[in-house]
Amino acid sequence: MKHILFVGGESPVKPVLAAAALVAMGREGVRVAVAAGGSEQSMATAKAAVRDAGLPWPAEIHDPASVNLAAYDLVIRFGGGLASEMPALPGSPAFLSWQVTEPAAAAGGYDAAALAGARQEIEALVHGLVGQGYLDALVQARRSAELVMDSLHEGIIAHDRHRRIFFFNRAAERITGYLRHEILGRDCHEVFPDRFCKAHCSFCEPEGEPALPDKPYPLVLHAKSGESRHLEMNVVGMRDFFGVLTGVVASFRDVTREHDLASRLGEAGKFAGIIGRTPRMLEVFRAITDLADSRVAVLLEGESGTGKELVAAAIHNQGKRHDKLFVPINCGALPEHLLETELFGHVRGAFTGAIRDKKGRFELADGGTLFLDEIGDISPSMQVKLLRVLQDGTFQRVGGEETITVDVRVISATHKDLRAEIAAGRFREDLYYRLCVVPLALPPLRERRDDIPLLARYFLKRTLEEEGRADKVVISAEALDRLTAYHWPGNVRELQNVIRYGLVHCREEMFRPSHLPPQLFRAAAHTFTVQPSPPDQRGKLTVEAVRAALAVTKGNRLQAAKRLGVGRATLYRFLGKHSVD
């Protein structure tokens with residue numbers, strides 16, 4: 001069965017005549033419909049034209065605003081109608097535009113002679129379409145192209161500028177779990193409430209030219225089953241004959257297996273903007289994925305500089321609240337009276353200097369996420385005020401009487417041991433259990449030493465870009481050994497500052513130990529609480545690593561070999577070839 005739709009602008013006369021002419025041909029396997037507006041008078045004119053021509057009246061007349069284009073193989077338009085969308089992809093109908101002279105209007109209807117001329121033009125076009133095989137060729141080409149698209153392993157989804165989906169291939173069904181009859185003709189955001197493209201969506205703003213991504217990007221899709229799938233997405237714009245953007249084609253492939261395999265092998269170096277591939281960091285990445293779509297409160301625990309705010313932002317950005325605000329506040333950096341107004345806002349006249357109403361962080365984060373950093377530093381009175389809003393989501397602005405209700409997910413962080421603070425009477429136990437539904441401990445840098453070279457190279461590249469330096473700088477193996485052997489009390493933040501310090505002094509292509517700050521050498525000379533860096537994956541020893549191991553073990557070569565993870569004979573051979581002080 002071939003489905004054809006004739007579309008008109010303000011008048012139904014021409015599409016009705018065309019549909020009637022095609023029905024009169026008695027072509028089997030062809031279903032005809034009309035989408036047209038117009039006045040009652042114009043519809044009466046159309047009926048009269050069909051009757052005078054001795055043609056049958058077409059049964060299906062639809063409103064152009066509600067017709068589903070995806071249900072048709074061919075759409076033939078007279079003049080305007082259905083805006084300017086002309087998607088040229090299998091799964092959307094083929095489009096033809098017939099330019100037929102509009103019959104001149106006369107008093108009480110249309111000029112009879114002009115109407116007859118228009119009818120003759122239309123009948124000739126209809127006979128040419130069907131009688132000369134054009135219809136069969138168009139439909140067959142469309143269906144052949146669909147077969148090709150359905151044979152691809154990549155998912156293909158296409159929608160117009162209004163996000164209405166008009167193509168969805170078999171691979172897209174398999175990857176997402178949705179069937180095409182559930183998808184076609186619907187708004188992409190309606191089908192995927194958390195948005196298929198997440199923050200990369202280019203069609204959220206109603207006005208202006210959409211800014212399409214210029215390269216493939218990763219995203220996490222929540223399939224119909226609720227399962228999370230890692231995808232790699234590429235978006236290409238579709239344009240009409242005049243260069244106007246009419247929609248997009250998005251191709252995506254499921255890389256969930258590759259992602260999981262990389263995670264198990266420790267090859268995933270970056271996740272949600274966080275650098276790391278050690279087992280401890282892979283556990284953090286898995287926790288971020290598990291927590292992203294949940295509403296439960298999370299308490300991030302870890303030393304200063306371990307990246308707690310970065311993890312909190314990753315949880316927010318990977319979840320369903322990503323299109324709302326992520327609002328951070330450092331609770332330990334503000335005195336109590338300022339912290340209260342920052343959290344809850346204030347009304348005009350609440351205190352000296354309050355010249356206008358101000359929203360607090362809870363209001364700003366409504367629908368999104370509030371990140372309470374250094375939560376262990378807030379005063380007992382603030383703990384009581386915070387407890388109430390965490391219990392029922394309501395509060396009043398400072399100086400106000402109106403009760404405000406918000407929907408906020410709270411993620412908090414602390415470098416303190418809150419259990420010890422509870423035991424000492426400095427932190428409320430009931431508040432702790434409100435904040436710590438799920439605890440997530442972030443490892444210090446000294447417990448993830450294999451990530452140090454990865455982080456150092458990343459900070460080196462980013463600092464060069466920030467400073468606009470075009471020269472290429474490489475970190476030497478000796479400098480990496482020194483970085484790996486250091487104990488890092490300031491964690492990742494300190495490492496970033498060390499790289500910035502070194503680049504100030506490094507004006508050559510090699511970043512050497514001499515460019516590092518003095519404290520790294522003083523720490524190595526006077527404290528040996530940290531193990532030296534192990535050999536690389538091939539078991540290759542370095543002079544710096546051996547020297548540090550011998551210093552820790554006070555020259556005991558057997559103990560040094562154990563610390564380096566090699567046999568004694570291997571260490572002896574190395575010492576025989578190299579001069580180690």
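Source: prediction; values computed, not measured.
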Subject >> Residues H162 and D187: side-chain donor-acceptor under 3.5 angstrom >> reply: no
Original post:
Quick one: do the T341 and H346 side chains pair a donor with an acceptor below 3.5 Å?
Top reply: yes
Original post:
Has the side chain of D417 got a donor or acceptor atom that lies under 3.5 Å from a matching backbone atom of R419?
Top reply: yes
Original post:
Backbone N or O of L483 within a donor-acceptor pair of the W488 side chain at under 3.5 Å?
Top reply: yes
Subject >> Rounded distance [0.5 Å steps], CD in E447 versus OG1 in T306 >> reply: 10.5 Å
**OP:** Using a strict cut-off of less than 4.0 Å between a Lys/Arg side-chain nitrogen and an Asp/Glu carboxylate oxygen, indicate whether D150 and R180 qualify as a salt bridge.
**Re:** yes
Subject >> Beyond-backbone contact of L516 with F511, side-chain heavy atoms, under 4.5 angstrom >> reply: yes
**OP:** Give, for atom CD of E283 and atom CD1 of I288, the distance between the pair rounded to the nearest 0.5 Å.
**Re:** 12.5 Å
Please output the side-chain donor-acceptor pairs of residues 369-376 that fall under 3.5 Å, not counting sequence neighbours, one pair per line with the distance.
unit_1, atom_1, unit_2, atom_2, d
T369, OG1, H316, ND1, 2.8
E374, OE1, H415, ND1, 2.6

Original post:
Around atom CZ of R469, are there more than 12 heavy atoms of other residues, nucleotides or ligands at under 6.0 Å?
Top reply: yes
Original post:
Looking only at heavy atoms, which two atoms of L245 and G237 are closest? And how far apart?
Top reply: CD1-CA, 3.8 Å
Original post:
Between E402 and R397, is there a salt bridge with N-O shorter than 4.0 Å?
Top reply: no
Original post:
Shortest non-hydrogen contact from P443 to V284?
Top reply: CD-CG2, 4.2 Å
Original post:
So, T278 and D451: side-chain donor and acceptor under 3.5 Å apart, yes or no?
Top reply: yes
Original post:
Is any NZ, NE, NH1 or NH2 atom of the basic residue among R170 and E173 found under 4.0 Å from an Asp or Glu carboxylate oxygen of the other?
Top reply: yes
**OP:** Report yes if the side chains of L431 and I378 come closer than 4.5 Å at any heavy-atom pair, otherwise no.
**Re:** yes
**OP:** Decide, yes or no, whether a salt bridge links E467 with R462 under the criterion of side-chain N to carboxylate O below 4.0 Å.
**Re:** no
Original post:
Do NZ/NE/NH1/NH2 and the carboxylate oxygens of E342 and K358 come within less than 4.0 Å?
Top reply: yes
Original post:
Roughly how far apart are N234 CG and Y217 OH, rounded to 0.5 Å?
Top reply: 8.5 Å
Subject >> Step-by-step side-chain contact (heavy atoms from CB on, under 4.5 Å) determination, L442 to K308 >> reply: CA-CA 7 Å; L442 305 187; K308 295 187 285 294; 3.6 Å; yes
Original post:
Would you say the side chain of E363 lies within less than 4.5 Å of the side chain of F395, judging by non-hydrogen atoms?
Top reply: yes
Subject >> Point-to-point distance, once rounded to the nearest 0.5 Å, from CG of L440 to CD1 of I315 >> reply: 6.0 Å
Original post:
Under 4.0 Å between a Lys/Arg side-chain N and an Asp/Glu carboxylate O for K324 and D366?
Top reply: no
Original post:
Any sub-3.5 Å donor-acceptor pair from R321's side-chain atoms to N317's backbone N or O?
Top reply: no
**OP:** Measure from the side-chain N and O atoms of R361 to the backbone N and O of F344, and report whether any donor-acceptor pair falls under 3.5 Å.
**Re:** no
**OP:** Determine whether more than 12 heavy atoms belonging to other residues, nucleotides or ligands lie under 6.0 Å from atom CZ of R348.
**Re:** no
Original post:
If you take all heavy atoms of R448 and L455, which pair is closest and at what distance?
Top reply: NH2-CD1, 3.7 Å
**OP:** Step through the shown structure and confirm whether more than 12 heavy atoms of other residues, nucleotides or ligands are within 6.0 Å of CD on E465.
**Re:** yes
Original post:
Tell me, do V255 and L231 make a side-chain contact under 4.5 Å, heavy atoms counted?
Top reply: no
Original post:
Going by an N to O cut-off under 4.0 Å, is there a salt bridge joining D293 and K320?
Top reply: no
Original post:
More than 12 heavy atoms of other residues, nucleotides or ligands under 6.0 Å from OH of Y433: is that the case?
Top reply: no
Original post:
Less than 4.5 Å apart, any side-chain heavy atom of T394 and any of I404?
Top reply: no
Original post:
Which heavy atom in A350 sits nearest to a heavy atom in G399, and how many Å separate them?
Top reply: CB-CA, 3.9 Å
Subject >> Main-chain N/O of H153 paired to R174 side chain as donor or acceptor, under 3.5 Å >> reply: yes
**OP:** Locate the shortest heavy-atom distance separating L386 from F362; write the atom from each residue and the value.
**Re:** CD1-CZ, 3.7 Å
Original post:
Are R253 and E154 close enough for a salt bridge, meaning some N to O gap below 4.0 Å?
Top reply: no
**OP:** Decide whether R388 and Q396 meet the rule of one side-chain donor and one side-chain acceptor closer than 3.5 Å.
**Re:** yes
Subject >> Under-4.0 Å salt bridge between K224 and E182 >> reply: yes
Original post:
Does the side chain of R446 come under 3.5 Å of the side chain of Y486 through a donor N or O and an acceptor N or O?
Top reply: no
**OP:** For A223 and R229, work out which heavy atoms get closest and say how close.
**Re:** CB-NE, 4.2 Å
Subject >> R161 side chain vs V248 backbone, donor-acceptor pair below 3.5 Å >> reply: no
